[in-house]
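Worksheet: the structure to be examined is printed underneath.
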Amino acid sequence: MLSCLARPRIGRVTTSIVRTHTKRSFSMKSFTSNSKIYIATAGLISTPGLWWLTTTSDDVPRLENPPVEHLALEPGPSREDVTQILSKEAYSFQVRDIAGVKRYDGVQLASNSPCEDRFIHGKLSSPWNENDQWMSWAVFDGHSGWQTAELLTKQLLPFVRRRLAEIKPLSNEPVPNESVQGAIMKGFVELDDSIIKTAQDTSKSKESFQDKVKRLAPAYAGSCALLSLYNPTTSTLHVACTGDSRAVLGQKGSDGKWEVIPLSVDQTGSNEEETTRISKEHPGEENISKDGRVLGLMVSRAFGDSLWKWPLEFQKEMKRKFNGPAPLTPRYNVRTPPYLTAEPVVTSTKIDPTKPSFLILATDGLWDYLSKSTDRRFDYGRFWDDVDWKFVEERTTTQDDNAAVHLVRNSLGGSHHELIAGRLAFGPPFSRRVRDDITVQVVFFNAEK
């Protein structure tokens, strides 16, 4: 109450000071309308700050530093720093009440600021029996922002579970994998349709401008999604992939050797099956997929990414009304959107309870270094002469208890300290030129003691 009563008096004092000053300087008749606005604004800004007139202490920092010939720059990451950086966002959980699952590890290493990757993990009730527990792990690789990936952490599993709950199991018989896969696919597509449609409805709503902007963000940005669901009753692992995050299963055979089983396929403009599918959906349109991209976008399936889904006229309308992203034209010949889908490819795999096995879920930030050639885009001096920047098996090192951290360390350089420390020495935004956000989860089934 006191502040409310005092404010008018302060406002009058401030105004009188301004007026006295201006009368001495020039006639009020010479004021332009803009000048009046500037003076009024200055008066308003100065009002809350008048309390400074009563202060007596001087806390203003001093800026006098002697010049130095050689700047004492902070050194790059030490070996201890590397471990601290890699392990900062790590986690590990022992699982005691889900048959077949022993433990899972995870980690996230950001390159963007803020990180555009997201993830989820944990237990959930079976869609057909509340007393039975399933488990789920998922990674979401955002692009053009984090907003879509963030939405997926909250909404993808509920959308999928709702569709699964609609299946009516026959007594004493497991639900066919095909039915589970179909329900998961529907959940993915319905959520993406909601993202795209919500944005279109929002543009016409009577919500406040700031509320509209927040609701539009998940449509402007985009995200890949890699979701796994484990049913311990049937020992079945369902993996749904939209985009280019990747899942692999390692399984130990009776001969003691490990077998690697891919559980997903990268959905990008470099995948011939994907480019063929897109061409059939848009007959007569050339160069939709070119140079490994779909109208400029690396992935061929994703959530959000509304510019590849909205009609062209609506893209222009959103640019005009909300200063949204520029339409894809004239860079690309947009004729019959949508060109992207969020529909996943779903696989179902029986986890053999007699064999130790593990699941790796990771965004492409990991796989780009573990399994692909790294382009020579920069010249880092002697490294190009005597250091291979790709993954080298001889540099593999085992020093991390967390399996996810172990994978990230070895993808970035392994035992070659200078290589991995150099990559980690880059901070945002420059780090994005040499590495992507990396998110990894490793799940151990039937693990040996």
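We number each residue from 1, following the sequence as shown.
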- Task: Ignoring hydrogens and angles, state whether a donor on the side chain of Asp436 or Ser111 is under 3.5 Å from an acceptor on the partner side chain.
- Result: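 No, because no side-chain N or O of Asp436 sits under 3.5 Å from a partner of the opposite role on Ser111.
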- Message: When you compare the side chains of Asn129 and Ser126, does any donor N or O come within less than 3.5 Å of an acceptor on the partner?
- Response: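 No, Ser126 and Asn129 have no side-chain donor paired with an acceptor closer than 3.5 Å.
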- Message: With a 4.0 Å cut-off on N to O distance, would you call Lys186 and Glu190 a salt bridge?
- Response: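 Between Glu190 and Lys186 there is no salt bridge, as every charged N stays at least 4.0 Å from the carboxylate O atoms.
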- Given side-chain hydrogen bond (donor to acceptor under 3.5 Å, both in side chains), test Gln441 with Tyr91 step by step and report yes or no. CA-CA 9 Å; Gln441 294 178 332; Tyr91 54 91; 3.1 Å; yes
- For Glu259, what residues pass the side chain to side chain contact (heavy atoms under 4.5 Å, CB included) criterion, not counting sequence neighbours?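 Partners of Glu259 under the side chain to side chain contact (heavy atoms under 4.5 Å, CB included) test: Gln251, Ile261.
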Least distance between heavy atoms, [X] atom then [Y] atom:
X	Y	value
Thr83	Arg409	OG1-NH2, 3.0 Å
Ser136	Leu157	OG-CD1, 4.0 Å
Ala221	Gln147	CB-OE1, 3.9 Å

- Would you please test Glu150 and Arg118 for salt bridge (Lys or Arg N to Asp or Glu O under 4.0 Å) and show each step? CA-CA 6 Å; Glu150 179 70 19; Arg118 295 291 189 272; 2.6 Å; yes
- Message: Going by side chain to side chain contact (heavy atoms under 4.5 Å, CB included), Gln267 matches just one of Ser245, Ser300, Cys224, Pro344. Which one?
- Response: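 Running side chain to side chain contact (heavy atoms under 4.5 Å, CB included) over Ser245, Ser300, Cys224, Pro344 with Gln267 returns exactly one hit, Ser300.
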- Item | Mutual orientation of the aromatic rings belonging to Phe119 and His121 [parallel < 30°, tilted 30-60°, perpendicular > 60°] |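 Aromatic pair Phe119/His121 classed parallel.
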- Task: Show your working on salt bridge (Lys or Arg N to Asp or Glu O under 4.0 Å) between Asp201 and Lys197 and close with a plain yes or no.
- Result: CA-CA 6 Å; Asp201 293 341; Lys197 186 177 185 299; 2.8 Å; yes
Do the side chain of [X] and the main chain of [Y] share a donor and acceptor less than 3.5 angstrom apart?
X	Y	value
Asp437	Cys115	no
Asp400	Asn402	no
Asp305	Trp308	no
Trp310	Pro327	no
His416	Arg395	no

- For the pair Glu286 and Arg335, evaluate salt bridge (Lys or Arg N to Asp or Glu O under 4.0 Å) and give the outcome as yes or no after the intermediate values. CA-CA 11 Å; Glu286 299 179 355; Arg335 291 162 55 184; over 6 Å; no
- Could you please spell out the steps behind the side-chain hydrogen bond (donor to acceptor under 3.5 Å, both in side chains) verdict for Gln399 and Thr397? CA-CA 6 Å; Gln399 55 183 291; Thr397 179; 3.1 Å; yes
- Determine whether Leu424 and Leu109 make a side-chain contact, defined as any pair of heavy atoms from C-beta on separated by less than 4.5 Å.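 They are in contact (side-chain heavy atoms under 4.5 Å apart), so the answer is yes.
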[X]/[Y] aromatic ring centres below 6.0 Å:
X	Y	value
Phe445	Tyr230	yes
Phe358	Trp258	yes
Tyr369	Phe391	no

- Which of these, Asp364, Asp117, Asp141, sits in a side chain to side chain donor-acceptor pair (under 3.5 Å) with Thr439?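 Of the listed options, the one satisfying the test is Asp117.
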- Please determine if Arg162 forms a cation-pi arrangement with Phe159, meaning its NZ or CZ atom is less than 6.0 Å from the six-membered ring centre and no more than 45° off the ring axis.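 Judged by the rule, Arg162 and Phe159 form a cation-pi pair.
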- Query: Does NZ in Lys257 sit with more than 12 non-hydrogen atoms of other residues, nucleotides or ligands closer than 6.0 Å?
  - Reply: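 Atom NZ in Lys257 is not crowded, with 12 or fewer foreign heavy atoms closer than 6.0 Å.
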